[in-house]
Novice: 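The structure is given below, and queries will be raised subsequently.
Numbers for residues simply follow the sequence, beginning at 1. Every heavy atom of this structure was used, including side-chain atoms; hydrogens, water molecules and symmetry mates were not.
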Amino acid sequence: MEIVVGISGASGAAYGIRLLQVLREKGCITHLVITDSAAKIIEIETDFLLKDVQDLADHIYTPRDFAAPFASGSHLFHAMVVIPCSMGTLSAIACGSSDTLITRAADVCLKEKRRLIIVPRETPLSLVGLRNMVAAAEAGAVVLPACPAFYSRPRGLDDLVDVLVGRVLDLLGVENDLYRRWKGTLERKCL
């Protein structure tokens with residue numbers, strides 16, 4: 001499986017890093033684009049060096065490298081994940097603006113009917129952000145807000161990250177056991 005991963009300048013760099021780690025473990029081919037803002041956030045929020053994150057990918061591209069293979073619909077790749085997705089990147093995707101490699105690749109996914117997963121990380125959400133999420137979903141993207149579930153009883157930050165990344169992997173069709181799945185509850189009968 002060949003996946004494009006875009007890490008844009010929203011808080012939550014750990015989500016993108018963990019996704020790259022697991023995709024590598026699963027043998028997926030990854031193409032990585034990290035925005036300049038995301039590079040700064042990786043430095044602020046994590047103990048990773050930018051090079052360490054880049055080393056998790058098979059191919060690395062600069063944010064304006066429009067010669068990247070996945071900038072064209074004729075290059076066959078399976079899906080793209082923008083994780084985390086800033087509100088600026090979401091806005092550009094929702095409006096069809098292709099002024100960066102991330103937004104161009106997202107546009108390719110939408111026009112070619114390929115899976116595009118957007119993981120916005122913002123709170124609270126403005127009406128503009130909500131409308132952009134609706135527009136992206138109407139265009140064919142899957143909007144998966146960075147809202148981890150707690151039914152798996154996470155014991156720490158890594159567990160919370162794994163819940164969300166596991167959900168992304170589910171949407172990509174990549175088998176994983178990163179989090180405890182909901183099994184339901186047993187109905188109790190009153191006597």
Side-chain angles (χ1 to χ4, degrees), residues 3-20 23 30-46 48 50 53 61-64 66 68 70-71 77 79-152 154 157 159-172 178-179:
I3 309 291
V4 177
V5 176
I7 299 178
S8 71
S11 181
Y15 294 123
I17 294 167
R18 183 65 173 136
L19 178 65
L20 287 166
L23 290 174
T30 54
H31 299 270
L32 175 62
V33 184
I34 299 174
T35 68
D36 295 337
S37 298
K40 185 67 175 170
I41 289 172
I42 288 168
E43 177 186 317
I44 292 168
E45 292 184 347
T46 75
F48 285 86
L50 182 59
V53 177
Y61 305 89
T62 62
R64 300 247 180 234
F66 291 101
F70 54 86
F77 60 96
M80 178 178 187
V81 183
V82 184
I83 181 172
C85 184
S86 69
M87 291 294 107
T89 300
L90 171 65
S91 175
I93 292 168
C95 294
S97 173
S98 295
D99 61 341
T100 69
L101 184 54
I102 288 177
T103 57
R104 172 59 189 163
D107 193 38
V108 166
C109 282
L110 294 174
K111 77 182 187 73
E112 299 291 333
K113 307 294 186 213
R114 296 186 189 143
R115 177 60 52 112
L116 171 61
I117 302 167
I118 299 170
V119 182
R121 217 306 307 147
E122 184 67 74
T123 191
L125 293 168
S126 72
L127 183 57
V128 172
L130 291 166
R131 285 183 174 149
N132 285 334
M133 287 183 206
V134 169
E138 288 175 340
V142 175
V143 179
L144 184 108
C147 301
F150 287 85
Y151 58 79
S152 61
L157 187 58
D159 287 349
L160 287 172
V161 169
D162 277 355
V163 169
L164 185 83
V165 171
R167 296 300 305 269
V168 170
L169 293 167
D170 291 345
L171 289 168
L172 290 171
L178 290 184
Y179 66 103

Novice: With distance as the sole test, does Ser91 use its side chain to make a donor-acceptor pair with the main-chain N or O of Met87 at under 3.5 Å?
Specialist: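 A pair under 3.5 Å: no.
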
Novice: Less than 4.5 Å apart, any side-chain heavy atom of Asp159 and any of Leu157?
Specialist: no

Novice: What pair of heavy atoms forms the shortest contact from Ser98 to Asp107, and how long is it?
Specialist: OG-OD2, 3.3 Å

Novice: When rounded to the nearest 0.5 angstrom, what is the spacing between CG in Leu23 and CD1 in Ile3?
Specialist: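 If we round to the nearest 0.5 Å, Leu23:CG and Ile3:CD1 are 6.0 Å apart.
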
Novice: Are side-chain heavy atoms of Val5 and Leu19 found at a separation under 4.5 Å?
Specialist: yes

Novice: Restricting to non-hydrogen atoms, name the atom on Ala79 and the atom on Leu172 that form the minimum distance, rounded to 0.1 Å.
Specialist: CB-CD2, 3.5 Å

Novice: Does the side chain of Cys85 reach to within under 4.5 Å of the side chain of Leu90, using non-hydrogen atoms?
Specialist: yes

Novice: Tell me if a side-chain donor or acceptor on Thr100 pairs with a main-chain N or O of Arg64 at a distance below 3.5 Å.
Specialist: no

Novice: Test side-chain contact (heavy atoms from CB on, under 4.5 Å) on Ile44 and Lys40; report intermediate values, then the result.
Specialist: CA-CA 6 Å; Ile44 292 168; Lys40 185 67 175 170; 4.0 Å; yes

Novice: Locate the shortest heavy-atom distance separating Ala139 from Leu110; write the atom from each residue and the value.
Specialist: O-CD2, 3.5 Å

Novice: At what distance, to the nearest 0.5 angstrom, does CG of Leu127 lie from CG of Asn132?
Specialist: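 Rounded to the nearest 0.5 Å, the CG-CG separation comes to 9.5 Å.
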
Novice: Give, for atom CE of Met80 and atom CD1 of Ile117, the distance between the pair rounded to the nearest 0.5 Å.
Specialist: 11.0 Å

Novice: Taking atom CZ of Arg121 as the centre, report whether more than 12 heavy atoms of other residues, nucleotides or ligands fall under 6.0 Å from it.
Specialist: yes

Novice: What distance do Ser8 atom OG and Ile41 atom CD1 have between them, rounded to the nearest 0.5 Å?
Specialist: 8.0 Å

Novice: Please tell me if the side chains of Leu144 and Leu164 come closer than 4.5 Å, counting only heavy atoms from C-beta onward.
Specialist: yes

Novice: Would you say Val4 and Tyr61 make side-chain contact, with heavy atoms under 4.5 Å?
Specialist: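 Side-chain contact under 4.5 Å: no.
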
Novice: For the residue pair Ile102 and Gly6, what are the closest heavy atoms and their distance?
Specialist: CD1-CA, 3.8 Å

Novice: With distance as the sole criterion, is a donor-acceptor pair present between the side chains of Asp170 and Tyr179 under 3.5 Å?
Specialist: yes

Novice: Begin with the C-alpha distance, continue with both residues' side-chain angles, and end with the deciding distance and a verdict on ring-ring contact (aromatic ring centres under 6.0 Å, His included) for Phe77 and His31.
Specialist: CA-CA 10 Å; Phe77 60 96; His31 299 270; 7.5 Å; no

Novice: Can you confirm whether Lys111 is buried at NZ, in the sense that more than 12 heavy atoms of other residues, nucleotides or ligands lie under 6.0 Å from that atom?
Specialist: yes

Novice: Does the Lys NZ or Arg CZ of Arg104 fall within the cation-pi geometry relative to Phe66 - under 6.0 Å from the ring centre and within 45° of the axis?
Specialist: no

Novice: Quick one: does any side-chain atom of Arg18 pair with a main-chain N or O of Val161 as donor and acceptor, under 3.5 Å?
Specialist: no

Novice: What are the two closest non-hydrogen atoms of Val163 and Ala149, and how far apart are they?
Specialist: CG1-N, 3.6 Å

Novice: Do Ile118 and Val142 have side-chain heavy atoms sitting under 4.5 Å apart?
Specialist: no

Novice: Any side-chain heavy-atom pair from Ile7 and Thr35 closer than 4.5 angstrom?
Specialist: no

Novice: For a quick test of reading the model, state the closest non-hydrogen atom pair linking Thr46 to Ala13 and the distance between them.
Specialist: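 Thr46 and Ala13 have their closest heavy atoms at CG2-CB, 4.3 Å.
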
Novice: So do Tyr15 and Val168 actually touch side chain to side chain, heavy atoms under 4.5 Å?
Specialist: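 They are not in contact (no side-chain heavy atoms under 4.5 Å apart), so the answer is no.
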
